[in-house]
There are 2 protein chains.
Amino acid sequence: MGPKTPVKVALVGSGNWGTAISLIVGKNATKYVDDFYPEVRMWVYEELVNGIKLTEIINIQHENVKYLPGRRIPPNVVAIPDLVTACKDSDILIFVIPHQFVENVCNQLKGHLKEGCLVVSLIKGFMVQKKKGGIRLVTEEIRDLLNVDTAVLMGANLAQEVANEDFCEATIGCKNEGNRWSILQKLFDTDNFKVTLTEDASTVELCGGLKNIVACAAGFADGLGYGNNTKSAIIRLGLMEITVFVELFYHGSNIRTFFESCGVADLIATCSAGRNRKICEAFVKTGKSIKQLEQEMLNGQSAQGPMTAEEIYLMLKKHNMVTRYLFLQMTVSFPLFSAVHQICQQQISPDCLIRSLRECDPLY
Amino acid sequence: MGPKTPVKVALVGSGNWGTAISLIVGKNATKYVDDFYPEVRMWVYEELVNGIKLTEIINIQHENVKYLPGRRIPPNVVAIPDLVTACKDSDILIFVIPHQFVENVCNQLKGHLKEGCLVVSLIKGFMVQKKKGGIRLVTEEIRDLLNVDTAVLMGANLAQEVANEDFCEATIGCKNEGNRWSILQKLFDTDNFKVTLTEDASTVELCGGLKNIVACAAGFADGLGYGNNTKSAIIRLGLMEITVFVELFYHGSNIRTFFESCGVADLIATCSAGRNRKICEAFVKTGKSIKQLEQEMLNGQSAQGPMTAEEIYLMLKKHNMVTRYLFLQMTVSFPLFSAVHQICQQQISPDCLIRSLRECDPLY
């Protein structure tokens with residue numbers, strides 16, 4: 001056998017999480033010299049910071065002063081302002097952008113990607129099906145628009161702590177792609193970022209999006225002054241609703257996937273820290289609307305949780321599942337998911353959350 | 001059918017958790033008048049508080065001023081200093097005492113209990129098998145000593161928050177006793193203390209004991225300054241070791257039991273609050289021994305976690321499972337459990353915890 005052709009990697013996105021993951025990917029690309037092409041291109045949406053282009057700052061100072069200040073980016077990570085230039089020769093593309101930008105990015109990339117390339121999505125959230133209603137996985141959208149294979153990486157990965165190199169875990173979901181597992185593990189796994197692999201990719205992705213609804217419930221409970229018992233119950237009941245939702249709409253999930261980092265661990269981390277929890281705590285304490293708090297606390301960016309709660313609520317409503325619904329001789333309902341949406345919309349008061357928890361059925 | 005004979009209930013124990021549960025049980029005994037005898041006897045280990053007997057204070061003031069000050073005990077809960085008097089006519093006995101007292105309490109009760117009575121254990125921890133080494137479930141010990149049926153109640157139930165009537169959940173495990181489920185639910189379930197029932201009683205009990213080892217690891221991580229990612233990973237990896245331990249030594253567990261309040265939720269609550277976490281955080285920060293910290297922080301009482309870690313470590317050692325071990329074509333090992341014991345014993349330094357987490361295998 002001749003020498004392997006090294007794999008070219010590109011990062012699509014350079015926000016807080018994108019930059020944090022570039023530290024890992026950049027190092028691994030130079031660690032495994034036989035496997036990877038040393039240069040990792042990072043597409044950076046060009047903007048000026050104190051009059052200087054962000055790509056220039058990154059390429060000269062090796063620091064993303066805007067989205068991850070104080071952390072040295074490996075010098076083999078090269079910031080590139082043009083999307084197609086950053087991506088065109090790459091074998092693995094790591095998508096780490098807000099889900100609202102996916103369609104636009106894919107449309108720009110269409111026809112310019114290398115054949116047989118793989119997109120690994122780190123995007124948490126769902127696409128909305130405009131005509132049919134309901135949600136659609138980000139990877140489904142990417143596959144449809146780009147005709148590529150996809151994988152996902154999700155887990156208990158608050159970006160700042162990953163950048164600190166605190167020990168954590170992540171889950172990679174990649175369907176029927178056993179032959180790609182070794183390269184994905186080499187690309188992402190480090191001593192302090194331990195990845196595990198599963199074929200149950202849809203469940204991994206769904207966990208990553210749905211957890212934000214549960215984080216809102218945790219934030220309401222914090223705002224209402226509840227303690228650890230209640231919060232643990234919310235996390236558990238939220239996890240149960242996630243498992244039922246996944247089984248109902250994407251059946252074929254493996255229950256063990258919910259025990260992976262993408263499941264229970266990410267849920268715990270997101271319900272302890274994370275901005276959905278925080279904004280929902282403030283919602284209860286200040287009485288301000290989610291929209292107003294997004295302006296004040298997130299520079300006008302949308303929090304994922306309330307948005308996802310709305311998408312899921314509309315989907316449940318369409319299927320007549322907001323109230324009890326008979327499924328395989330089980331009555332299912334989603335009182336926690338539904339209450340989060342209704343509270344965010346100020347249709348019911350936050351203290352109705354507890355009433356909804358009482359309605360959660362013992363599902364098994 | 002004639003009228004039912006009401007069920008008599010007794011509480012064995014009146015500490016912080018025992019008193020908190022007496023609020024629930026006392027109220028339910030008067031709520032379901034057809035099912036329960038209104039008087040609930042509570043065995044109180046007699047002691048003097050400011051020169052007055054604790055049983056007298058409880059029966060006159062309806063408050064356990066020593067172990068749960070500020071909470072009104074329902075007046076139908078009657079404190080009794082004599083163990084046999086408190087228990088002899090009871091159909092359901094709720095054991096809520098430190099596990100070190102179980103043998104002595106059972107020996108006193110032997111021959112004095114009503115035939116067909118049921119003991120519900122709320123005791124977290126294990127009995128040590130003196131001759132054979134290893135652990136033994138508290139309920140096994142109770143069954144052997146008293147020849148009674150047993151059930152367990154475990155969950156994310158920090159006593160103070162239960163007493164505050166904050167919403168929480170609990171899991172009741174009762175083997176092959178479907179006909180007792182209705183009465184157990186009536187006895188314990190309230191709007192803010194939601195119980196679910198399972199036949200997988202051993203798993204429920206094992207989760208309640210083993211979680212304290214994981215809480216120690218969470219405390220070490222807090223002491224070392226790690227954040228939410230690491231703690232979530234510890235909770236997840238700890239849960240995985242619990243599932244493997246249960247399957248290995250008490251096979252036949254149902255994986256869904258780990259999703260119940262006794263499993264994941266109790267683990268989250270205990271790793272967030274709870275004294276094992278606290279004492280292990282202090283262990284790292286102060287450099288004092290566990291023994292010394294027990295003196296300073298727990299009035300000389302033993303923390304469960306380090307004790308359980310030792311018992312489990314000796315058991316694993318006996319079975320050659322401290323290092324890797326082949327089980328059903330899987331390599332199993334318990335790096336987290338083992339590290340907690342070795343750190344508590346000052347055999348390895350706390351920062352070795354992270355090294356041990358890296359050794360945790362992807363088990364599935």
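All of these numbers come straight from a predicted model, not from anything done at the bench. So that the names make sense, note that chain A is the first sequence line, chain B the second, and so on, each numbered from 1.
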### Message
For residues 200-213 of chain B, give me every residue with a non-hydrogen atom less than 4.5 Å from any non-hydrogen atom of chain A.
### Response
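Within residues 200-213 of chain B, no residue comes under 4.5 Å of chain A, counting heavy atoms only.
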
### Query
What class does the angle between the rings of B/Phe259 and A/Phe258 fall in, given that below 30° is parallel, 30 to 60° is tilted and above 60° is perpendicular?
perpendicular

### Task
With a 4.5 angstrom heavy-atom cut-off, could you sort out which part of B/Leu158 is near chain A: side chain, backbone, both or neither?
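Contact with chain A involves both backbone and side-chain atoms of B/Leu158.
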
### Query
Which of the residues A/Gly155, A/Ser261, A/Gly225 is involved in the greatest number of heavy-atom pairs with chain B at under 4.5 angstrom?
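Of the options given, most contacts go to A/Ser261.
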
### Query
If you count heavy-atom pairs under 4.5 Å with chain B, which of A/Asn254, A/Asp266, A/Asn157, A/Asp191 comes out on top?
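Among the listed options, the one with the most contacts to chain B is A/Asp191.
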
### Query
If we only count heavy atoms from C-beta on, is the B/Asn229 to A/Val162 side-chain gap below 4.5 Å?
yes

#### Entry: Any B/Thr270 side-chain heavy atom under 4.5 Å of A/Asn228 side chain
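They are not in contact (no side-chain heavy atoms under 4.5 Å apart), so the answer is no.
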
Can you tell me how far [atom2] of [Y] sits from [atom1] of [X], rounded to the nearest 0.5 angstrom?
X        : Y        : atom1 : atom2 : answer
B/Ile234 : A/Ile268 : CD1   : CD1   : 11.0 Å
A/Glu161 : B/Lys231 : CD    : NZ    : 11.0 Å
B/Cys168 : A/Leu357 : SG    : CG    : 11.0 Å
B/Glu169 : A/Arg236 : CD    : CZ    : 4.0 Å

### Message
The criterion is salt bridge (charged side-chain N to carboxylate O under 4.0 Å, His left out); which residues satisfy it with B/Lys31, sequence neighbours excluded?
### Response
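Partners of B/Lys31 under the salt bridge (charged side-chain N to carboxylate O under 4.0 Å, His left out) test: none.
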
### Query
Among B/Ala265, B/Ala273, B/Cys271, B/Gly263, which residue forms the greatest number of heavy-atom pairs with chain A at distances under 4.5 Å?
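Among the listed options, the one with the most contacts to chain A is B/Ala265.
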
### Query
Between B/Arg358 and A/Asn192, is a side chain to side chain contact (heavy atoms under 4.5 Å, CB included) present by the stated rule, with each step listed?
CA-CA 8 Å; B/Arg358 289 190 196 113; A/Asn192 291 316; 2.8 Å; yes

### Query
Among pairs that include at least one residue of residues 205-250 of chain B, which meet ring pair (Phe, Tyr, Trp, His ring centres under 6.0 Å), considering only residues two or more places apart or in two chains?
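Of all non-adjacent pairs touching residues 205-250 of chain B, those that pass ring pair (Phe, Tyr, Trp, His ring centres under 6.0 Å) are B/Phe220-B/Phe283, B/Phe245-B/Phe249, B/Phe249-B/His319.
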
### Query
Does anything in residues 156-176 of chain A pair up under ring pair (Phe, Tyr, Trp, His ring centres under 6.0 Å), and if so which pairs, sequence neighbours excluded?
none

